[in-house]
Amino acid sequence: MDLGLSGRVYLVTGASSGVGLATVAALLREGASVAACARDGERLRHALDRLPRAGGAQVHAGTCDVVDGAAVADFTAAAHARFGRLDGVVNNAGRSLMAPVAETTEAQWREEFELKIFSVLNTVRAAAPHLRASDAPAVVNVNAILARQPESRLGATSAARAALLNLTKTLSADLAPIRVNSVALGLIDTGQWRRRYEAAADGRSYAEWSAGIAADRGIALGRFGRAEEVAYPIIALLSPHASYVTGSTLDVGGGVARYV
Ligand SMILES: NC(=O)c1ccc[n+]([C@@H]2O[C@H](COP(=O)([O-])OP(=O)(O)OC[C@H]3O[C@@H](n4cnc5c(N)ncnc54)[C@H](OP(=O)(O)O)[C@@H]3O)[C@@H](O)[C@H]2O)c1
């Protein structure tokens with residue numbers, strides 16, 4: 001199916017690894033151009049250089065910390081100056097903070113909300129004027145099942161995710177006809193989990209370690225997801241074919257969510 005993304009332009013944050021990189025790759029394969037950012041510019045360019053591009057798809061890579069509003073504004077303006085249009089934004093940059101509430105400092109709480117809320121406000125503020133000129137404008141916020149199913153070991157991250165889910169609904173009303181949706185991720189095999197595996201160093205292989213976690217968490221499909229399995233739901237929500245979908249949340253968790 002042609003998703004109708006060819007010739008369009010999307011901004012993706014946190015694009016050097018995991019879900020962000022897979023999303024850039026999927027967009028380029030569809031013939032869309034991408035403005036891609038991360039904090040480590042060298043790692044970003046190295047990752048992007050290897051991606052195949054369909055048609056005239058191009059990449060604009062930029063070093064940008066999404067919590068820095070001025071940097072986000074500059075990056076967005078540079079991308080728009082290069083491509084002359086912007087059709088969508090994928091707010092993906094982030095990480096989780098593995099700490100129970102009692103061990104989370106006030107500074108860490110603030111950092112979580114900076115990263116999950118202010119980052120999105122920053123991109124939306126910078127991109128909205130350009131998105132309004134598109135015939136199919138869309139924003140996808142990469143969120144977590146934690147937003148609706150909090151975990152004690154991830155107290156601050158769960159709360160910040162819930163706030164982002166709530167904000168996404170408000171944005172879908174306030175920014176209309178720009179469509180604003182969420183994908184809520186379960187456990188996805190990316191840099192985040194590789195780092196946790198290395199920190200655990202319990203002698204098991206990564207496959208054994210991750211299978212154990214999948215079993216403990218009761219993931220219906222019995223395994224972690226792959227970044228590519230998130231990228232396609234994201235670009236489906238960006239697609240003009242999803243023209244009547246806004247304020248929605250699509251779980252991409254292999255059945256880890258317990259809520260109905
Ligand atoms: N993997 C999972 O199981 C899972 C589950 C639920 C939700 N999520 C969410 O999904 C998103 C993608 O995660 P992932 O698993 O793909 O992680 P990842 O492989 O660690 O990639 C994170 C990306 O975000 C960038 N980044 C981090 N902080 C940034 C900042 N302040 N400004 C700009 N870029 C930043 C990183 O590059 P630099 O470090 O160079 O900036 C990297 O490109 C995150 O929001 C994460 O919280 C993931």
Side-chain angles (χ1 to χ4, degrees), residues 11-26 34-48 51 61-72 74-76 89-98 110-123 126 140-151 153-154 156-165 168 182-199 206 210 213-214 217 219 223-231 233-234 249-254 256-257:
L11 188 152
V12 179
T13 68
S16 61
S17 164
V19 171
L21 181 60
T23 302
V24 176
V34 183
C37 78
R39 291 167 302 177
D40 182 338
E42 199 179 320
R43 184 167 79 122
L44 175 67
R45 275 177 271 279
H46 181 69
L48 298 175
L51 299 180
T63 306
C64 174
D65 187 332
V66 290
V67 304
D68 179 344
V72 171
D74 288 348
F75 172 66
T76 307
V89 174
V90 180
N91 285 307
N92 165 75
R95 50 145 175 69
S96 55
L97 174 67
M98 194 65 104
R110 291 185 192 282
E111 279 167 24
E112 277 302 277
F113 278 78
E114 286 277 341
L115 188 55
K116 267 78 184 189
I117 299 295
F118 286 90
S119 63
V120 171
L121 293 173
N122 287 338
T123 60
V140 175
N141 292 331
V142 177
N143 205 328
I145 283 171
L146 290 175
R148 289 172 166 158
Q149 186 168 288
E151 291 186 22
R153 70 194 119 187
L154 289 152
T157 296
S158 298
R161 287 307 193 186
L164 175 60
L165 192 64
T168 303
S182 309
V183 286
L185 310 191
L187 285 67
I188 311 299
D189 180 7
T190 64
Q192 295 208 29
W193 284 101
R194 299 281 165 167
R195 288 191 292 275
R196 281 180 202 161
Y197 167 69
E198 279 157 25
Y206 179 77
S210 60
I213 293 174
R217 302 285 177 91
I219 299 176
R223 61 171 176 84
F224 283 18
R226 296 184 294 276
E228 298 71 30
E229 293 176 302
V230 182
I234 290 174
T249 304
L250 179 57
D251 284 0
V252 188
V256 73

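One-based numbering, in listed order, for ligands and for the atoms of each. What you are looking at is a predicted structure, and each value in this text was computed from that prediction instead of being measured. FYI, side chains are in, hydrogens and waters are out, and symmetry mates aren't considered; it's all heavy atoms of this structure.
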_Every residue of the protein that comes under 4.0 Å of ligand 1, judged on heavy atoms_ = Gly14, Ala15, Ser16, Ser17, Gly18, Val19, Ala38, Arg39, Asp40, Arg43, Cys64, Asp65, Val66, Asn92, Ala93, Gly94, Arg95, Leu115, Val142, Asn143, Ala144, Arg161, Leu185, Gly186, Leu187, Ile188, Thr190, Gly191, Gln192, Trp193, Arg195
*Report yes if the side chains of Val66 and Asn122 come closer than 4.5 Å at any heavy-atom pair, otherwise no.*
no
Below 3.5 Å, can you tabulate the donor-acceptor pairs from side chains in residues 16-23 to any protein atom, sequence neighbours excluded?
| unit_1 | atom_1 | unit_2 | atom_2 | d |
| --- | --- | --- | --- | --- |
| Ser16 | OG | Arg43 | NH2 | 3.4 |
| Thr23 | OG1 | Val19 | O | 2.7 |

*Residue of the set Thr249, Thr168, Thr123 for which side-chain hydrogen bond (donor to acceptor under 3.5 Å, both in side chains) holds with Asn141*: Thr168
_For Phe118, is the CZ atom crowded, meaning more than 12 foreign heavy atoms sit under 6.0 Å from it?_
no
*asked:* How about CZ on Arg196, more than 12 heavy atoms from neighbouring residues, nucleotides or ligands closer than 6.0 Å, or not?
replied: yes
*Decide whether Glu112 and Thr157 meet the rule of one side-chain donor and one side-chain acceptor closer than 3.5 Å.*
yes
